[in-house]
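Reminder, nothing fancy here: chain letters follow the sequence lines and each chain counts from 1.
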Protein chains: 2
Amino acid sequence: MPNKRVTLADVARRAGLSTAAASMILNGRTDTRLSAEAHARVNDAAAELGYRPNVAARGLRTRKTLTIGFISDVVATTRFASGLIQGALDAARKAGHVLLVLETGGDPARESEAIAAVLDRQVDGIIFGVMRARELFVPDIPQATNVVMLNASNKKHPVSVLPDELSGGRAAVALLADAGHRNGIALIGHNEEVEKNLFRSATVGQRIAGIRAEMAERGLRFAAEESCWDWEPHHGYDVTRALLKDRGDIRALLCMNDRLAFGAYQALADHGLSVPHDVSVVSFDNDELASYLRPGLTTVALPHEAMGRSSVELLLDHDRRPGHHLIPMPVIERGSILPPAG
Amino acid sequence: MPNKRVTLADVARRAGLSTAAASMILNGRTDTRLSAEAHARVNDAAAELGYRPNVAARGLRTRKTLTIGFISDVVATTRFASGLIQGALDAARKAGHVLLVLETGGDPARESEAIAAVLDRQVDGIIFGVMRARELFVPDIPQATNVVMLNASNKKHPVSVLPDELSGGRAAVALLADAGHRNGIALIGHNEEVEKNLFRSATVGQRIAGIRAEMAERGLRFAAEESCWDWEPHHGYDVTRALLKDRGDIRALLCMNDRLAFGAYQALADHGLSVPHDVSVVSFDNDELASYLRPGLTTVALPHEAMGRSSVELLLDHDRRPGHHLIPMPVIERGSILPPAG
DNA sequence: ACCGCTTGCTAAACCCTTTTAGCAAGGCCA
DNA sequence: TGGCCTTGCTAAAAGGGTTTAGCAAGCGGT
């Protein structure tokens with residue numbers, strides 16, 4: 001309500017001390033020799049006046065603004081990865097920091113703009129997030145700047161947070177195999193382009209690698225591999241529909257993501273096949289969609305929230321080590337897997 | 001790359017002038033009497049050194065930080081309303097501003113914390129956003145602070161941005177009526193509690209009011225009104241399933257939101273009814289879900305992006321007027337409405 | 001009486017920018 | 001020659017905090 005903000009000078013005046021004394025006391029410095037009496041007077045004055053330090057002014061001197069720049073292509077505003085920002089916001093809050101969120105839409109000009117905008121505001125560090133994990137190009141940044149890559153990697157900025165897709169891929173296979181599936185497993189959404197093109201998505205390569213490694217170790221082979229260019233529901237629908245037309249032996253679908261699985265559900269229903277009694281389905285991401293389906297879709301989750309949290313913690317961790325910090329992908333069991341019938 | 005940031009003093013030195021001169025020239029002041037020669041020297045120096053002003057230091061003097069606090073319950077991190085933040089981010093960027101995004105989860109303690117955090121950073125104004133439009137309680141804020149309520153309203157802060165639900169409700173009815181539906185229209189998701197309890201959701205009341213007004217004006221009546229407590233897919237499923245068991249005359253479903261409609265689709269499929277040939281469906285929100293369904297769901301969209309944009313524009317508009325700024329809800333036509341069969 | 005140490009505190013510089021007040025030099029007029 | 005007005009610029013304060021250097025007083029020891 002009061003219109004004028006309380007300043008440190010106000011506190012010092014009321015305590016009958018200098019601003020220097022007030023500053024040191026409020027910052028809890030122990031190397032200060034100020035009397036217990038002085039401590040009490042300053043603390044009381046600050047409390048009575050409701051003093052709050054001006055972070056900008058303090059930052060001018062200390063070069064710490066308790067503010068982190070969070071620059072992403074489309075993370076904040078798409079549902080796919082909003083967990084990233086949620087985790088980051090929460091971790092930042094717990095550390096007394098705040099996030100300056102900017103979006104670039106992936107446009108290099110806007111990326112440069114965004115970097116300039118956060119540097120102009122003296123942020124303590126920058127997190128670069130992307131929706132689909134990939135190698136991200138980043139315009140030049142002053143060397144002293146702390147940078148963490150979130151769901152991305154970059155040679156110049158070696159600290160990155162990524163999902164542990166290799167283990168995740170293995171886990172998906174394990175779910176089917178442990179339920180007893182050995183034959184009639186189809187892979188939906190494998191895409192050779194993606195598998196090879198590391199730039200587009202480094203981690204999807206790992207996902208597939210994990211799948212293939214686990215299949216091999218268990219002595220299993222896919223009955224079919226349906227590839228498609230993109231991973232939207234209608235792709236899953238089309239591909240699954242075509243598959244079912246040809247083959248009567250399909251007992252399980254391993255879908256590369258939940259949106260494909262969503263389309264696959266529709267195609268299975270069209271064919272009069274029931275999930276999970278006729279066909280089991282497992283996929284990846286734990287998209288919100290997965291919980292809407294009936295039966296609920298069992299999926300290997302992208303740990304977005306944990307990743308976002310880690311990115312902030314790493315940024316603030318003074319002696320963090322470079323490298324890829326892999327976050328485990330938890331298995332979310334719902335109702336889409338059953339042992340094969342008959 | 002250079003490790004030390006270029007300051008105004010550097011620019012002034014290189015131009016052979018005082019920082020005062022440099023400051024005035026770079027700020028484009030016209031009341032200054034500085035020579036054309038001086039202008040050229042300063043501008044050149046700034047360009048050569050790549051000078052960027054320190055926003056925090058400037059803000060200390062000018063009390064403008066080009067930064068807006070965006071405080072929400074769960075807006076940024078849920079898919080439902082992420083358009084709000086997307087629009088706000090974009091409008092802010094275009095105005096040379098930046099958003100400090102904080103989330104409170106609706107917890108009053110965290111709301112107070114969040115307000116303190118942004119005020120400590122001297123933001124130019126605060127936008128309070130909520131996921132479900134409602135009357136929002138806001139802890140005390142210094143009077144001089146600019147505040148805009150986004151998807152919410154509040155007596156103490158009279159500038160708010162809301163969807164035009166009254167017109168939206170009318171539009172949904174008009175879609176069915178214009179397609180020829182007069183009988184067998186069921187309302188799915190009406191909820192008396194919500195309809196009356198303005199605190200929980202002021203705008204849903206408007207949505208229903210619009211629906212009822214348009215029905216009345218066209219001389220139509222609902223064949224059934226199924227209410228449910230919440231609006232998740234399984235509620236839509238349960239309610240629709242129960243409805244179809246009793247009644248064979250249902251030709252159209254007006255669902256209060258897309259998630260209900262999603263559940264209704266599943267129930268219709270269970271009953272062997274086809275959308276839109278047997279039953280037309282229309283709903284609200286334009287959730288991403290709506291485009292995934294087959295056939296695509298015709299819906300009256302929540303204009304989240306436009307709302308977010310407006311909130312920033314209003315905040316920065318120096319002579320904005322108090323009151324509710326209503327943003328039109330566009331009709332998104334997909335394939336879920338057809339004239340009634342037979 | 002003088003030296004040196006400790007204790008408890010403050011003055012002043014500093015961070016970077018904006019803004020106010022005013023100086024110095026030149027021209028014009030009387 | 002003096003007074004006044006422009007012109008073109010700068011010194012310095014201000015904004016709110018942190019930090020360094022150092023002052024003053026009190027005390028113990030010689």
Side-chain angles (χ1 to χ4, degrees), chain A residues 3-43 45-46 49-67 119-124 142 144, chain B residues 3-43 45-46 49-67 119-124 142 144:
Chain A
N3 242 346
K4 228 32 199 155
R5 236 185 121 97
V6 176
T7 78
L8 184 64
D10 297 329
V11 173
R13 196 172 314 119
R14 172 177 263 245
L17 291 167
S18 67
T19 62
S23 171
M24 294 168 169
I25 288 171
L26 292 175
N27 287 316
R29 293 182 48 161
T30 55
D31 56 340
T32 188
R33 296 199 309 242
L34 287 157
S35 66
E37 153 85 16
H39 276 79
R41 287 222 307 277
V42 167
N43 287 324
L49 297 175
Y51 170 69
R52 308 263 333 173
N54 178 327
V55 176
R58 167 187 290 166
L60 204 52
R61 187 81 237 256
T62 61
R63 338 209 112 257
K64 295 246 141 272
T65 52
L66 304 181
T67 303
L119 290 178
D120 289 352
R121 287 165 182 83
Q122 316 295 120
V123 291
D124 295 344
Chain B
N3 240 345
K4 226 39 203 149
R5 237 187 120 96
V6 176
T7 80
L8 185 62
D10 297 329
V11 173
R13 194 172 316 117
R14 172 177 263 247
L17 290 168
S18 68
T19 62
S23 171
M24 292 165 161
I25 288 171
L26 291 176
N27 287 316
R29 292 182 48 163
T30 56
D31 55 341
T32 189
R33 295 199 310 238
L34 288 158
S35 65
E37 154 85 16
H39 275 79
R41 288 220 307 278
V42 167
N43 286 324
L49 297 176
Y51 170 68
R52 307 262 334 172
N54 178 326
V55 176
R58 168 186 289 168
L60 202 52
R61 188 82 236 258
T62 61
R63 337 211 111 256
K64 296 245 141 273
T65 52
L66 304 180
T67 302
L119 289 178
D120 289 352
R121 288 165 181 83
Q122 316 295 119
V123 292
D124 294 345

For a quick test of reading the model: is some side-chain N or O of B:Ser35 closer than 4.0 Å to OP1 or OP2 of D:dT7?
no

Between B:Asp31 (CG) and C:dT18 (C1'), how many Å, whole number?
12 Å

Please determine, for the side chain of A:Leu17, which listed nucleotide (C:dC16, C:dC9, D:dC9) has the closest atom?
C:dC9

For nucleotides 19-23 of chain D, print each protein N/O atom paired with a nucleotide N/O atom at under 3.5 Å, atom names and distance only.
unit_1, atom_1, unit_2, atom_2, d
D:dT19, OP2, A:Arg29, NH1, 3.3
D:dT19, O4', A:Arg61, NH1, 3.1

How close or far is atom P of C:dT18 from atom CG of B:Leu26, stated in whole angstroms?
8 Å

Could you give the CG-to-C1' distance, from B:Leu60 to C:dC15, as a whole number of Å?
9 Å

By side chain to side chain contact (heavy atoms under 4.5 Å, CB included), which residues pair with A:Leu60, not counting sequence neighbours?
B:Asn54, B:Ala57, B:Leu60

Can you sort out the partners of A:Arg29 under side chain to side chain donor-acceptor pair (under 3.5 Å), two or more places apart, ordered by chain and number?
A:Asp31

Tell me which nucleotide among D:dG17, C:dT17, C:dC15 gets nearest to the side chain of B:Tyr51.
C:dT17

Roughly how many Å is it from CZ in B:Arg52 to P in C:dT17, rounded to a whole number?
12 Å

Pairing residues for A:Arg58 by the side chain to side chain donor-acceptor pair (under 3.5 Å) criterion, not counting sequence neighbours:
none

Can you check whether A:Arg58 has a side-chain N or O nearer than 4.0 Å to OP1 or OP2 of D:dG16?
no

So, is A:Arg63 near the phosphate of C:dC16, with a side-chain N or O under 4.0 Å from OP1 or OP2?
yes

Please classify the nucleic acid contact of A:Ala38 as base, sugar-phosphate, or nothing, using heavy-atom distances under 4.0 Å.
sugar-phosphate

Sorted by position of nearest nucleotide on DNA chain D, 5' first, the leading residue of B:Ala57 and B:Thr32 is B:Thr32

Under a plain distance cut-off of 3.5 Å, with no hydrogens placed, do A:Thr67 and B:Arg121 share a side-chain donor-acceptor pair?
yes

Just to verify, what does A:Arg52 make a side chain to side chain contact (heavy atoms under 4.5 Å, CB included) with, not counting sequence neighbours?
A:Arg5, B:Ala116, B:Asp120

Quick one: side chains of residues 9-21 of chain B, donor-acceptor pairs under 3.5 Å with protein atoms, not counting sequence neighbours, listed by atom name and distance.
unit_1, atom_1, unit_2, atom_2, d
B:Asp10, OD1, B:Arg13, NH1, 3.2
B:Asp10, OD2, B:Thr7, N, 2.9
B:Arg14, NH1, B:Glu48, OE1, 2.1
B:Ser18, OG, B:Ala20, N, 3.4
B:Ser18, OG, B:Ala21, N, 3.1

Distance in angstrom units between A:Asp10 CG and D:dG16 C1', rounded:
10 Å

CD of A:Gln122 versus P of C:dC14: gap in Å, rounded?
19 Å

side-chain contact (heavy atoms from CB on, under 4.5 Å) between A:Thr32 and A:His39: does it pass, once the steps are laid out?
CA-CA 11 Å; A:Thr32 188; A:His39 276 79; 4.2 Å; yes

Nearest-Å distance for atom pair CG/P, residues A:Leu34 and C:dG8
9 Å

Roughly, in whole Å, what's the span from NZ in B:Lys64 to C1' in D:dG15?
15 Å

